[in-house]
Amino acid sequence: MDTKTGPVPACGPFVALVGATATGKTALSIEIARALNCEIVSADSVQVYKGLDIGSAKPTVAERQGVPHHMLDCADPRESFTAARYQDGARRCIAGILGRGRLPLVVGGTGLYVHALTYDVDFSRVVGDEGRRQRLRALAEEHGPDILYARLEEIAPERARAVHPHNVKRVIRALEIAEAGGAAADGYDFRKPLPGVDILMLGLKMDRAALYRRIDARVDAMIKAGLVQEVQGLLDSGVDSGLPSMQGLGYKEIANAILGRCTLEQAIADIKRGTRRYAKRQETWFKRDPRIEWFEVSPDGSLNGTLSSIIDCVSEWKACTMNRRG
RNA sequence: GCCUCGGUAGCUCAGUUGGUAGAGCAAGGGACUGAAAAUCCCUGUGUCGGUGGUUCGAUUCCACUCUGAGGCA
(Lines give C-alpha, C1' and ligand atoms only; values in the text may rest on other atoms or scores of the structure.)
Protein backbone atom coordinates (compact mmCIF):
# COMPACT_ATOMS: atom_id res chain seq x y z
CA MET A 1 0.00 0.00 0.00
CA ASP A 2 2.94 2.32 0.55
CA THR A 3 4.86 1.76 -2.63
CA LYS A 4 2.14 2.05 -5.26
CA THR A 5 2.92 5.64 -6.02
CA GLY A 6 6.48 5.66 -4.80
CA PRO A 7 7.71 7.21 -1.60
CA VAL A 8 6.03 10.43 -0.56
CA PRO A 9 8.57 13.25 -0.55
CA ALA A 10 9.18 15.03 2.74
CA CYS A 11 8.05 18.61 3.00
CA GLY A 12 7.79 21.33 5.59
CA PRO A 13 8.01 23.48 7.57
CA PHE A 14 6.69 21.76 10.68
CA VAL A 15 7.17 21.59 14.41
CA ALA A 16 7.89 18.40 16.36
CA LEU A 17 7.20 18.01 20.06
CA VAL A 18 8.97 15.02 21.60
CA GLY A 19 9.87 13.64 25.01
CA ALA A 20 9.42 10.65 27.27
CA THR A 21 6.04 9.18 28.01
CA ALA A 22 3.93 10.95 30.66
CA THR A 23 5.74 14.28 30.41
CA GLY A 24 2.52 15.93 29.23
CA LYS A 25 3.09 16.11 25.47
CA THR A 26 -0.54 15.44 24.57
CA ALA A 27 -2.11 18.13 26.74
CA LEU A 28 0.51 20.66 25.78
CA SER A 29 0.23 19.91 22.08
CA ILE A 30 -3.48 20.64 22.07
CA GLU A 31 -2.87 23.99 23.75
CA ILE A 32 -0.17 24.86 21.22
CA ALA A 33 -2.38 23.78 18.34
CA ARG A 34 -5.22 25.98 19.55
CA ALA A 35 -2.96 28.94 20.06
CA LEU A 36 -1.11 28.66 16.75
CA ASN A 37 -3.66 27.13 14.37
CA CYS A 38 -1.97 23.74 14.08
CA GLU A 39 -3.11 20.28 13.16
CA ILE A 40 -1.50 17.45 15.09
CA VAL A 41 0.32 14.48 13.58
CA SER A 42 0.82 11.78 16.18
CA ALA A 43 4.17 9.96 16.23
CA ASP A 44 3.21 7.04 18.40
CA SER A 45 3.60 3.41 17.45
CA VAL A 46 0.69 2.18 19.59
CA GLN A 47 -1.81 4.97 19.09
CA VAL A 48 -1.87 4.08 15.40
CA TYR A 49 -3.95 1.01 16.26
CA LYS A 50 -7.73 1.17 16.43
CA GLY A 51 -9.11 0.12 19.78
CA LEU A 52 -5.88 0.57 21.71
CA ASP A 53 -7.08 3.67 23.50
CA ILE A 54 -6.72 3.58 27.26
CA GLY A 55 -3.39 1.80 27.39
CA SER A 56 -1.84 3.99 24.72
CA ALA A 57 -3.05 7.18 26.44
CA LYS A 58 -4.65 8.19 23.18
CA PRO A 59 -6.38 11.57 23.49
CA THR A 60 -10.16 11.15 23.46
CA VAL A 61 -12.27 13.03 20.96
CA ALA A 62 -13.37 15.33 23.79
CA GLU A 63 -9.77 16.00 24.79
CA ARG A 64 -8.85 16.91 21.25
CA GLN A 65 -11.15 19.94 21.53
CA GLY A 66 -11.71 20.24 17.82
CA VAL A 67 -8.02 20.14 16.95
CA PRO A 68 -7.59 17.74 13.99
CA HIS A 69 -5.41 14.75 14.86
CA HIS A 70 -3.72 12.52 12.30
CA MET A 71 -2.04 9.11 12.40
CA LEU A 72 -4.35 7.84 15.13
CA ASP A 73 -6.49 4.73 14.54
CA CYS A 74 -5.03 4.11 11.11
CA ALA A 75 -4.30 0.40 11.51
CA ASP A 76 -6.25 -2.65 12.58
CA PRO A 77 -4.67 -4.31 15.61
CA ARG A 78 -4.63 -7.61 13.72
CA GLU A 79 -2.21 -6.23 11.14
CA SER A 80 1.28 -5.06 11.83
CA PHE A 81 2.13 -1.46 11.29
CA THR A 82 5.65 -0.41 10.32
CA ALA A 83 7.91 2.59 10.48
CA ALA A 84 7.84 2.77 6.69
CA ARG A 85 4.06 2.94 6.63
CA TYR A 86 4.20 5.57 9.29
CA GLN A 87 6.65 7.68 7.33
CA ASP A 88 4.51 7.48 4.24
CA GLY A 89 1.22 8.27 5.97
CA ALA A 90 2.61 11.03 8.14
CA ARG A 91 4.31 12.74 5.19
CA ARG A 92 1.00 12.76 3.36
CA CYS A 93 -0.66 14.30 6.42
CA ILE A 94 1.99 16.99 6.70
CA ALA A 95 1.61 17.87 3.03
CA GLY A 96 -2.15 18.06 3.44
CA ILE A 97 -1.97 20.31 6.49
CA LEU A 98 0.44 22.68 4.76
CA GLY A 99 -1.91 22.68 1.78
CA ARG A 100 -4.66 23.90 4.10
CA GLY A 101 -2.42 26.73 5.16
CA ARG A 102 -1.93 25.44 8.68
CA LEU A 103 1.10 24.44 10.69
CA PRO A 104 1.76 20.72 11.23
CA LEU A 105 2.63 19.79 14.80
CA VAL A 106 4.20 16.33 15.08
CA VAL A 107 3.76 14.98 18.61
CA GLY A 108 4.97 11.72 20.00
CA GLY A 109 7.52 9.64 21.80
CA THR A 110 8.33 6.95 19.26
CA GLY A 111 11.87 7.90 18.40
CA LEU A 112 12.10 5.97 15.15
CA TYR A 113 8.90 7.52 13.83
CA VAL A 114 10.06 11.03 14.66
CA HIS A 115 13.37 10.16 13.07
CA ALA A 116 11.64 8.93 9.91
CA LEU A 117 9.99 12.33 9.52
CA THR A 118 12.82 14.60 10.54
CA TYR A 119 15.73 12.94 8.74
CA ASP A 120 16.17 11.76 5.19
CA VAL A 121 15.57 8.09 5.84
CA ASP A 122 14.60 5.96 2.85
CA PHE A 123 13.03 2.72 4.00
CA SER A 124 11.86 1.89 0.51
CA ARG A 125 15.27 0.77 -0.72
CA VAL A 126 14.80 -2.68 0.71
CA VAL A 127 11.29 -3.83 1.36
CA GLY A 128 10.81 -6.19 4.29
CA ASP A 129 9.99 -9.77 3.41
CA GLU A 130 7.99 -11.45 6.16
CA GLY A 131 8.49 -14.97 4.80
CA ARG A 132 12.22 -14.67 4.71
CA ARG A 133 12.27 -13.09 8.17
CA GLN A 134 10.38 -16.01 9.55
CA ARG A 135 12.82 -18.44 8.00
CA LEU A 136 15.78 -16.57 9.44
CA ARG A 137 14.12 -16.37 12.83
CA ALA A 138 13.50 -20.10 12.79
CA LEU A 139 17.14 -20.65 11.89
CA ALA A 140 18.23 -18.53 14.85
CA GLU A 141 15.92 -20.39 17.20
CA GLU A 142 17.20 -23.74 16.08
CA HIS A 143 20.94 -23.05 15.86
CA GLY A 144 21.34 -19.98 18.00
CA PRO A 145 21.64 -16.33 16.95
CA ASP A 146 25.33 -16.60 16.09
CA ILE A 147 24.61 -18.41 12.84
CA LEU A 148 22.82 -15.36 11.43
CA TYR A 149 25.50 -13.04 12.66
CA ALA A 150 28.22 -15.14 11.06
CA ARG A 151 26.46 -14.78 7.73
CA LEU A 152 26.17 -11.03 8.18
CA GLU A 153 29.86 -10.78 9.03
CA GLU A 154 30.64 -12.61 5.84
CA ILE A 155 28.62 -10.48 3.44
CA ALA A 156 28.61 -7.10 5.22
CA PRO A 157 31.39 -6.91 7.79
CA GLU A 158 31.06 -3.17 8.30
CA ARG A 159 27.35 -3.47 9.13
CA ALA A 160 28.03 -6.45 11.35
CA ARG A 161 30.21 -4.31 13.55
CA ALA A 162 27.30 -1.95 14.18
CA VAL A 163 24.91 -4.68 15.31
CA HIS A 164 25.20 -6.86 18.38
CA PRO A 165 25.19 -10.60 17.53
CA HIS A 166 22.37 -11.29 20.00
CA ASN A 167 20.07 -8.66 18.58
CA VAL A 168 18.28 -11.03 16.25
CA LYS A 169 15.77 -8.50 14.92
CA ARG A 170 18.54 -6.14 13.89
CA VAL A 171 20.73 -8.88 12.48
CA ILE A 172 17.84 -10.09 10.34
CA ARG A 173 17.09 -6.62 9.00
CA ALA A 174 20.79 -6.00 8.32
CA LEU A 175 20.95 -9.30 6.44
CA GLU A 176 17.89 -8.33 4.45
CA ILE A 177 19.55 -5.11 3.35
CA ALA A 178 22.93 -6.70 2.74
CA GLU A 179 21.49 -9.53 0.66
CA ALA A 180 19.56 -7.06 -1.45
CA GLY A 181 22.86 -5.91 -2.83
CA GLY A 182 25.42 -3.16 -2.71
CA ALA A 183 23.33 -0.22 -3.85
CA ALA A 184 20.87 -0.60 -0.98
CA ALA A 185 23.54 -0.82 1.67
CA ASP A 186 25.90 1.79 0.24
CA GLY A 187 25.77 5.38 1.28
CA TYR A 188 23.71 4.56 4.29
CA ASP A 189 23.40 7.54 6.61
CA PHE A 190 20.81 7.28 9.32
CA ARG A 191 21.13 10.97 10.22
CA LYS A 192 21.07 12.66 6.86
CA PRO A 193 19.31 16.06 7.05
CA LEU A 194 16.26 16.68 4.89
CA PRO A 195 17.23 19.25 2.30
CA GLY A 196 14.98 22.30 2.18
CA VAL A 197 12.71 21.28 5.05
CA ASP A 198 12.56 23.59 8.07
CA ILE A 199 11.86 21.74 11.28
CA LEU A 200 11.61 23.08 14.80
CA MET A 201 12.13 20.38 17.40
CA LEU A 202 10.94 20.87 20.95
CA GLY A 203 11.51 18.44 23.81
CA LEU A 204 9.79 18.08 27.16
CA LYS A 205 11.73 16.76 30.09
CA MET A 206 10.96 16.24 33.72
CA ASP A 207 12.83 15.32 36.86
CA ARG A 208 13.26 11.54 36.78
CA ALA A 209 11.75 10.82 40.20
CA ALA A 210 8.74 13.01 39.47
CA LEU A 211 8.26 11.40 36.09
CA TYR A 212 8.30 7.95 37.68
CA ARG A 213 5.66 9.01 40.18
CA ARG A 214 3.51 10.29 37.33
CA ILE A 215 3.94 7.05 35.43
CA ASP A 216 2.84 4.98 38.42
CA ALA A 217 -0.19 7.20 38.95
CA ARG A 218 -1.09 7.10 35.28
CA VAL A 219 -0.97 3.30 35.17
CA ASP A 220 -3.30 3.13 38.17
CA ALA A 221 -5.61 5.58 36.42
CA MET A 222 -5.60 3.42 33.27
CA ILE A 223 -6.68 0.40 35.28
CA LYS A 224 -9.49 2.43 36.84
CA ALA A 225 -10.50 3.68 33.41
CA GLY A 226 -11.01 0.10 32.23
CA LEU A 227 -7.75 -1.08 30.68
CA VAL A 228 -8.50 -4.69 31.65
CA GLN A 229 -11.84 -4.55 29.83
CA GLU A 230 -10.19 -2.95 26.82
CA VAL A 231 -7.64 -5.76 26.55
CA GLN A 232 -10.31 -8.38 27.17
CA GLY A 233 -12.36 -6.88 24.36
CA LEU A 234 -9.40 -6.99 21.97
CA LEU A 235 -8.70 -10.62 22.81
CA ASP A 236 -12.40 -11.46 22.43
CA SER A 237 -12.48 -9.86 19.01
CA GLY A 238 -9.72 -12.15 17.81
CA VAL A 239 -6.62 -10.03 18.37
CA ASP A 240 -3.94 -12.56 19.28
CA SER A 241 -1.80 -11.69 22.28
CA GLY A 242 1.31 -12.40 20.22
CA LEU A 243 0.67 -9.73 17.60
CA PRO A 244 2.89 -6.65 17.39
CA SER A 245 0.00 -4.41 18.42
CA MET A 246 -0.33 -6.37 21.64
CA GLN A 247 3.32 -5.92 22.58
CA GLY A 248 2.61 -2.36 23.67
CA LEU A 249 3.07 -1.52 27.33
CA GLY A 250 -0.09 -2.30 29.22
CA TYR A 251 -1.37 -4.70 26.59
CA LYS A 252 1.05 -7.58 26.86
CA GLU A 253 1.01 -7.47 30.67
CA ILE A 254 -2.77 -7.34 31.03
CA ALA A 255 -3.11 -10.08 28.43
CA ASN A 256 -0.76 -12.20 30.55
CA ALA A 257 -3.02 -11.69 33.55
CA ILE A 258 -6.16 -12.48 31.55
CA LEU A 259 -4.57 -15.63 30.15
CA GLY A 260 -3.71 -16.74 33.67
CA ARG A 261 0.05 -16.35 33.37
CA CYS A 262 0.25 -13.94 36.30
CA THR A 263 -1.92 -12.08 38.77
CA LEU A 264 -3.43 -8.72 37.90
CA GLU A 265 -1.37 -7.19 40.68
CA GLN A 266 1.82 -8.53 39.10
CA ALA A 267 0.71 -7.28 35.69
CA ILE A 268 0.19 -3.78 37.02
CA ALA A 269 3.62 -3.79 38.64
CA ASP A 270 5.13 -5.01 35.36
CA ILE A 271 3.45 -2.19 33.40
CA LYS A 272 4.82 0.40 35.80
CA ARG A 273 8.32 -0.98 35.67
CA GLY A 274 8.19 -1.41 31.90
CA THR A 275 6.95 2.13 31.40
CA ARG A 276 9.67 3.56 33.62
CA ARG A 277 12.29 1.71 31.61
CA TYR A 278 10.68 2.84 28.39
CA ALA A 279 10.80 6.46 29.52
CA LYS A 280 14.49 6.05 30.20
CA ARG A 281 15.08 4.61 26.73
CA GLN A 282 13.17 7.49 25.18
CA GLU A 283 15.35 9.97 27.03
CA THR A 284 18.42 8.21 25.71
CA TRP A 285 17.09 8.35 22.17
CA PHE A 286 16.16 12.03 22.17
CA LYS A 287 19.06 13.22 24.32
CA ARG A 288 21.55 12.68 21.53
CA ASP A 289 19.55 14.71 19.00
CA PRO A 290 21.25 18.14 18.91
CA ARG A 291 18.34 19.75 17.07
CA ILE A 292 15.99 19.56 20.03
CA GLU A 293 15.31 22.60 22.17
CA TRP A 294 14.48 21.38 25.66
CA PHE A 295 11.80 22.64 28.04
CA GLU A 296 11.63 21.55 31.66
CA VAL A 297 8.18 20.59 32.91
CA SER A 298 7.58 21.20 36.60
CA PRO A 299 7.36 18.08 38.76
CA ASP A 300 3.64 18.60 39.38
CA GLY A 301 3.04 18.51 35.63
CA SER A 302 1.57 21.99 35.39
CA LEU A 303 2.13 23.44 31.95
CA ASN A 304 1.45 27.15 32.27
CA GLY A 305 5.00 28.43 32.23
CA THR A 306 6.10 25.86 29.67
CA LEU A 307 3.22 26.67 27.36
CA SER A 308 3.95 30.37 27.08
CA SER A 309 7.68 29.89 26.55
CA ILE A 310 7.02 27.27 23.88
CA ILE A 311 4.52 29.48 22.10
CA ASP A 312 7.08 32.30 22.14
CA CYS A 313 9.67 29.95 20.73
CA VAL A 314 7.41 28.68 17.96
CA SER A 315 6.22 32.16 17.01
CA GLU A 316 9.77 33.39 16.73
CA TRP A 317 10.73 30.40 14.61
CA LYS A 318 7.71 30.92 12.39
CA ALA A 319 8.60 34.52 11.73
CA CYS A 320 12.18 33.55 11.01
CA THR A 321 11.19 30.75 8.64
CA MET A 322 8.75 32.94 6.73
CA ASN A 323 11.38 35.63 6.29
CA ARG A 324 13.83 33.14 4.91
CA ARG A 325 11.25 31.78 2.51
CA GLY A 326 9.72 35.09 1.50
C1' G B 1 14.48 -8.95 83.50
C1' C B 2 16.62 -13.54 81.17
C1' C B 3 17.49 -16.64 76.71
C1' U B 4 17.81 -17.36 71.33
C1' C B 5 18.31 -15.61 66.41
C1' G B 6 18.98 -11.37 63.32
C1' G B 7 21.09 -6.10 61.75
C1' U B 8 25.93 -6.32 55.13
C1' A B 9 23.73 -2.33 48.28
C1' G B 10 17.18 0.87 47.37
C1' C B 11 14.85 -4.52 48.67
C1' U B 12 15.63 -9.95 49.82
C1' C B 13 19.85 -12.27 51.31
C1' A B 14 24.94 -14.76 50.71
C1' G B 15 30.01 -14.35 52.40
C1' U B 16 34.84 -13.53 54.48
C1' U B 17 38.74 -20.39 59.12
C1' G B 18 40.89 -12.03 60.22
C1' G B 19 43.74 -9.11 54.43
C1' U B 20 37.68 -3.33 53.82
C1' A B 21 32.58 -7.77 50.18
C1' G B 22 28.75 -10.40 45.97
C1' A B 23 24.11 -12.68 43.95
C1' G B 24 18.94 -11.96 42.44
C1' C B 25 15.52 -8.11 41.93
C1' A B 26 15.09 -2.78 41.74
C1' A B 27 18.15 1.04 39.62
C1' G B 28 21.79 3.68 36.36
C1' G B 29 24.17 4.24 31.43
C1' G B 30 24.10 3.18 26.20
C1' A B 31 22.84 1.42 21.07
C1' C B 32 19.18 1.96 17.34
C1' U B 33 17.31 1.37 8.88
C1' G B 34 10.25 -1.50 7.15
C1' A B 35 8.41 -5.24 14.78
C1' A B 36 10.84 0.54 17.83
C1' A B 37 5.84 0.94 24.00
C1' A B 38 9.91 -3.73 20.16
C1' U B 39 14.94 -5.57 20.39
C1' C B 40 19.80 -5.61 22.32
C1' C B 41 24.48 -4.27 25.15
C1' C B 42 27.24 -2.47 29.55
C1' U B 43 27.46 -1.18 34.97
C1' G B 44 27.62 -2.66 41.90
C1' U B 45 25.89 2.32 43.61
C1' G B 46 28.20 -0.09 50.56
C1' U B 47 30.62 4.03 57.39
C1' C B 48 29.29 -4.57 56.45
C1' G B 49 24.04 -1.00 63.18
C1' G B 50 27.34 2.04 66.91
C1' U B 51 31.60 2.56 70.38
C1' G B 52 35.73 0.45 72.30
C1' G B 53 39.30 -3.91 72.77
C1' U B 54 42.72 -7.82 70.80
C1' U B 55 45.69 -7.68 66.19
C1' C B 56 50.59 -5.44 61.56
C1' G B 57 45.43 -5.50 59.93
C1' A B 58 38.46 -6.33 62.29
C1' U B 59 32.80 -6.38 58.35
C1' U B 60 34.73 -11.20 60.48
C1' C B 61 37.11 -12.57 67.12
C1' C B 62 35.87 -10.24 72.23
C1' A B 63 33.21 -6.60 75.42
C1' C B 64 29.67 -3.09 75.87
C1' U B 65 25.72 -0.67 73.44
C1' C B 66 21.51 0.55 70.12
C1' U B 67 17.73 -1.93 67.34
C1' G B 68 14.18 -5.89 65.20
C1' A B 69 11.76 -10.76 65.71
C1' G B 70 10.68 -14.94 68.68
C1' G B 71 10.77 -17.61 73.38
C1' C B 72 10.85 -17.83 78.95
C1' A B 73 9.37 -15.22 83.13
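Just so we're on the same page: letters track the sequence lines, and every chain starts at 1. Everything numeric in this text was worked out from a predicted model, so none of it was measured.
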* Parallel, tilted or perpendicular: which describes the rings of W285(A) and H115(A), with under 30° parallel and over 60° perpendicular? ->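 Rings of W285(A) and H115(A): perpendicular, over 60°.
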Identify whether any heavy atom of [X] sits under 4.0 Å from a base atom; if not, whether one sits that close to sugar-phosphate; answer base, sugar-phosphate or nothing.
X       : value
R137(A) : base
K280(A) : base
K272(A) : nothing
V46(A)  : base
Y278(A) : base
Y251(A) : nothing
R276(A) : sugar-phosphate
G55(A)  : base
S56(A)  : base
S80(A)  : nothing

Rounding to an integer number of Å, can you tell me how far [X] [atom1] sits from [N] [atom2]?
X       : N      : atom1 : atom2 : result
Q282(A) : G30(B) : CD    : C1'   : 15 Å
L175(A) : U33(B) : CG    : P     : 13 Å
E179(A) : U33(B) : CD    : P     : 17 Å
Y86(A)  : A35(B) : OH    : C1'   : 16 Å
I271(A) : A26(B) : CD1   : C1'   : 18 Å
K287(A) : G29(B) : NZ    : C1'   : 7 Å
D216(A) : A27(B) : CG    : C1'   : 14 Å
F286(A) : G30(B) : CZ    : P     : 14 Å

Taking only side-chain N and O atoms of [X], does any of them lie within less than 4.0 angstrom of OP1 or OP2 on [N]?
X       : N      : answer
Y212(A) : G28(B) : yes
R173(A) : U39(B) : no
T110(A) : A37(B) : yes
R159(A) : U33(B) : yes
H166(A) : C41(B) : yes
R85(A)  : A35(B) : no
R277(A) : C25(B) : no
R170(A) : U33(B) : yes
R281(A) : A31(B) : no

* Asked: Start at the 5' end of RNA chain B and walk down; is the nucleotide closest to V163(A) or to D44(A) reached first?
  -> V163(A)
* Pick the nucleotide of RNA chain B nearest each of E253(A) and F81(A); which residue has the one closer to the 5' end? -> F81(A)
So which nucleotide does [N] pair with, by the Watson-Crick or G-U wobble rule with both distances under 3.5 Å?
N      : result
G22(B) : C13(B)
A27(B) : U43(B)
G52(B) : C62(B)
C5(B)  : G68(B)

* Is any side-chain N or O of N167(A) under 3.5 Å from a base N or O of A31(B), one able to act as donor and the other as acceptor? ->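 No pair found.
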Write down the distance separating the [atom1] atoms in [N] and [M], rounded off to the nearest Å.
N      : M      : atom1 : answer
U20(B) : A58(B) : P     : 11 Å
G44(B) : U54(B) : P     : 38 Å
G6(B)  : A63(B) : P     : 15 Å
A21(B) : U59(B) : C1'   : 8 Å
G22(B) : G15(B) : P     : 15 Å
C61(B) : G18(B) : C1'   : 8 Å
C5(B)  : C64(B) : P     : 15 Å
C42(B) : A9(B)  : P     : 26 Å

If we ignore angles and hydrogens, is there a donor and acceptor under 3.5 Å between the side chains of [X] and [Y]?
X       : Y       : value
N304(A) : S302(A) : no
Y251(A) : Q247(A) : no
R218(A) : T21(A)  : yes

* Looking only at non-hydrogen atoms, find the nearest pair between M71(A) and F81(A) and report the distance. =>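 Closest approach of M71(A) to F81(A): CE-CZ, 4.1 Å.
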* Asked: What's the shortest heavy-atom distance between P145(A) and V168(A), and which atoms?
  -> CB-CG2, 3.7 Å
* Option from R92(A), R91(A), R85(A) for which salt bridge (charged side-chain N to carboxylate O under 4.0 Å, His left out) with D88(A) holds ->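 Result: among R92(A), R91(A), R85(A), R92(A) is the only option passing the salt bridge (charged side-chain N to carboxylate O under 4.0 Å, His left out) with D88(A).
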* **K25(A) (side chain) donor-acceptor with L204(A) (main chain) under 3.5 angstrom** => no
* Nearest listed nucleotide, side chain of H164(A), among C40(B), A31(B), A35(B) ->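 From the listed options, C40(B) comes nearest.
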* More than 12 heavy atoms of other residues, nucleotides or ligands under 6.0 Å from CZ of R137(A): is that the case? -> yes
